[in-house]
Amino acid sequence: MTETLYFAVELDGFDETPALLKQNAAAAERAGFTLVTFGDSLVSSRERLDAGTRAAFVASTTSTLGLAPTVHTLTTEPFFLATQLASVDHASHGRGAWVVGVDNSADTHAAVGSEVRSETTAEVRDVIDVAGRLWDSWEDDAVVGAAESGRYLDPARVHHVRFEGEFFDVVGPLITPRPPQGQVVVIGDADLGVTDLLDVALVRGDGIGEQADTARRDGAALVFADIDHLSKAEALAGVVDGVRLHLGGAALKELAVPAHLIRRPTPGLSLRENLGLPRPVSRYAAAAHE
């Protein structure tokens, strides 16, 4: 592991005007951050736009910054979830990510007419699984765009996922072409029980080194530590791959990350490329060529 870190910052969006959101995203990009995450909840006493809308809003005003809205798995239809996140990846030209949300509170379920779950891990796994299947449902070269023949796509390269599970069924395919990254970068807490399905596992609190080792053994490609002050980052270099700061927009404006510590994204690369993650081949394309 190198001694530099990827930097991320949480923009919770509370009482944030569109102008302030753009300013905060621009500040994170100037500071050399690799990505921003956007917090979300269905029920709140404070005003904010939903995370997906906020991510899409700054897609056209940023160029290197990864955009990771929180989308909740228990209260969002999986097909809509996958479509929304694919759209963010298209809007940002390959900088989309997803923070896996698992809000299981009574107030949140009441807002959408669902019920509190006694156990969430299996359902969250299914949502992540079917989202990946849907992103793969269009092969990379499915869009033909041949005006002379009047063909927009090759139907043989668009696949039904036909997912049948305990909690929901999804036939598919997705209604948008495959995301530019192939698969949107998936981020989630290491304690959700789905670490093997995550690209980035989040750890926090005491024993971060031990937690990071466990997350890697469980299959996470990268591990980020949640911290509340920049001064804590230096000690984590070589322990985790990155840090996610929880600062608030006002603090972000004055933030100066030490140049020797930050791993800046390279312009023109996708978020996956900047994180050193491979671009996966569509599982349906791979099966067709076996």
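These numbers come from the heavy atoms of this one structure, side chains and all, not from hydrogens, waters or symmetry mates.
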* Return yes when atom CD of E115 has more than 12 non-hydrogen atoms of other residues, nucleotides or ligands closer than 6.0 Å, and no otherwise. => no
* Donor-acceptor pair, T61 side chain versus V58 backbone, under 3.5 Å? -> yes
* To do: Without swapping roles, check the side chain of Q181 against the backbone of G96 for a donor-acceptor pair under 3.5 Å.
  => yes
* Asked: Mind checking whether F79 and F168 have ring centres under 6.0 Å apart?
  -> no
* Verify same cluster id: L35, L198 (apolar side-chain graph, 4.5 Å) -> no
* Would you call E77 and V112 a side-chain contact if the rule is heavy atoms closer than 4.5 Å? -> no
* **Nearest atoms (heavy-atom pairs only) where G52 meets V88** => O-CG2, 4.2 Å
* Donor-acceptor pair, D136 side chain versus R283 backbone, under 3.5 Å? -> yes
* Kindly assign one of parallel, tilted or perpendicular to the pair W138 and Y152, based on the angle between their ring planes and the thresholds 30° and 60°. => perpendicular
* **Pairing of D129 and R133 as salt bridge, 4.0 angstrom limit** => yes
* **salt_bridge(D89, R178) N-O dist < 4.0 Å** => no
* To do: Cation-pi check, R54 to F38: give yes when NZ or CZ is under 6.0 Å from the six-membered ring centre and within 45° of the ring axis, no otherwise.
  => no
* Spell out, yes or no, whether L202 and V240 are grouped together once hydrophobic residues are joined by side-chain heavy atoms under 4.5 Å, including indirect joins. => no
* So, the side chain of T195 versus the backbone of A190: is there a donor-acceptor pair under 3.5 Å, distance only? -> yes
* Report yes if the side chains of R125 and T121 come closer than 4.5 Å at any heavy-atom pair, otherwise no. => yes
* To do: Report yes if some heavy atom in the side chain of T75 is under 4.5 Å from a heavy atom in the side chain of H109; otherwise report no.
  => yes
* Please lay out, stage by stage, how Q183 and R272 fare under the test side chain to side chain contact (heavy atoms under 4.5 Å, CB included). => CA-CA 9 Å; Q183 294 275 324; R272 277 191 169 276; 3.5 Å; yes
* So do the side chains of E47 and E16 get within less than 4.5 Å of each other, counting heavy atoms only? -> no
* Taking T73 for the side chain and G101 for the main chain, is one N or O donor matched with an acceptor at less than 3.5 Å? -> yes
* So, D189 side chain and L192 main chain: donor-acceptor pair closer than 3.5 Å or not? -> no
* **Ion pair check, D196 and R217, cut-off under 4.0 Å** => no
* Side chains of L153 and V158: does their closest heavy-atom pair fall under 4.5 Å? -> yes
* ILVMFWY cluster, L49 and L21 together (side-chain gap under 4.5 Å) -> no
* Asked: Does one side chain, of S105 or D107, offer a donor that lies under 3.5 Å from an acceptor on the other?
  -> no
* Mind running side chain to side chain contact (heavy atoms under 4.5 Å, CB included) on V102 and H72 for me, showing each step along the way? => CA-CA 5 Å; V102 190; H72 289 285; 5.6 Å; no
* Asked: Does one side chain, of S270 or R95, offer a donor that lies under 3.5 Å from an acceptor on the other?
  -> no
* Asked: Going by heavy atoms in the side chains, are V71 and Q84 under 4.5 Å from each other?
  -> yes
* D154 (side chain) donor-acceptor with A156 (main chain) under 3.5 angstrom -> yes
* Backbone N/O of V203 and side chain of D226: donor-acceptor pair under 3.5 Å -> no
* Please assess L247 against L255 for the test side chain to side chain contact (heavy atoms under 4.5 Å, CB included), listing each intermediate value before the final yes or no. => CA-CA 9 Å; L247 301 172; L255 190 66; 3.9 Å; yes
* **Modelled atom types, side-chain donor and acceptor of S282 and E139, under 3.5 Å** => no
* Can any side-chain N or O of S87 pair as donor or acceptor with the backbone N or O of T83 at less than 3.5 Å? -> yes
* Asked: Is a salt bridge present between D169 and R162, judged by a nitrogen-to-oxygen distance below 4.0 Å?
  -> no
* Decide yes or no for V171 and V161: does some side-chain heavy atom of the first lie under 4.5 Å from some side-chain heavy atom of the second? => no
* **Lys/Arg-Asp/Glu bridge criterion (N-O < 4.0 Å) met for R48, D12** => no
* Assess the side chains of S137 and H159: does a donor N or O sit below 3.5 Å from an acceptor N or O? => no
* Asked: Do L277 and V243 share a hydrophobic cluster, counting only Ile, Leu, Val, Met, Phe, Trp and Tyr and linking them when any side-chain heavy atoms are less than 4.5 Å apart?
  -> no
* For T266, enumerate each residue passing the side-chain contact (heavy atoms from CB on, under 4.5 Å) test, keeping only those at least two apart in sequence or located in another chain. => L269, N274
* Is it true that a side-chain atom of E29 and a backbone atom of S63 form a donor plus acceptor pair closer than 3.5 Å? -> yes
* Could you tell me which residues satisfy side-chain contact (heavy atoms from CB on, under 4.5 Å) with E123, sequence neighbours excluded, listed by chain and number? => L74, R117, F167
* **Verdict with supporting geometry, R157 and D140, salt bridge (charged side-chain N to carboxylate O under 4.0 Å, His left out)** => CA-CA 8 Å; R157 298 179 186 273; D140 289 324; over 6 Å; no
* Per the side-chain contact (heavy atoms from CB on, under 4.5 Å) rule, which among I128, D199, L67 passes with W98? -> I128
* To do: Determine, step by step, whether T70 and T37 satisfy the side chain to side chain contact (heavy atoms under 4.5 Å, CB included) criterion, reporting the C-alpha distance in whole Å, the side-chain angles of both residues, the deciding distance to 0.1 Å, and the verdict.
  => CA-CA 7 Å; T70 298; T37 62; 5.5 Å; no
* Side-chain heavy atoms under 4.5 angstrom apart, residues restricted to Ile, Leu, Val, Met, Phe, Trp, Tyr: same cluster for L5 and L245? -> yes
* Answer with yes or no whether the side chains of E234 and H260 bring together a donor and an acceptor at under 3.5 Å. => yes
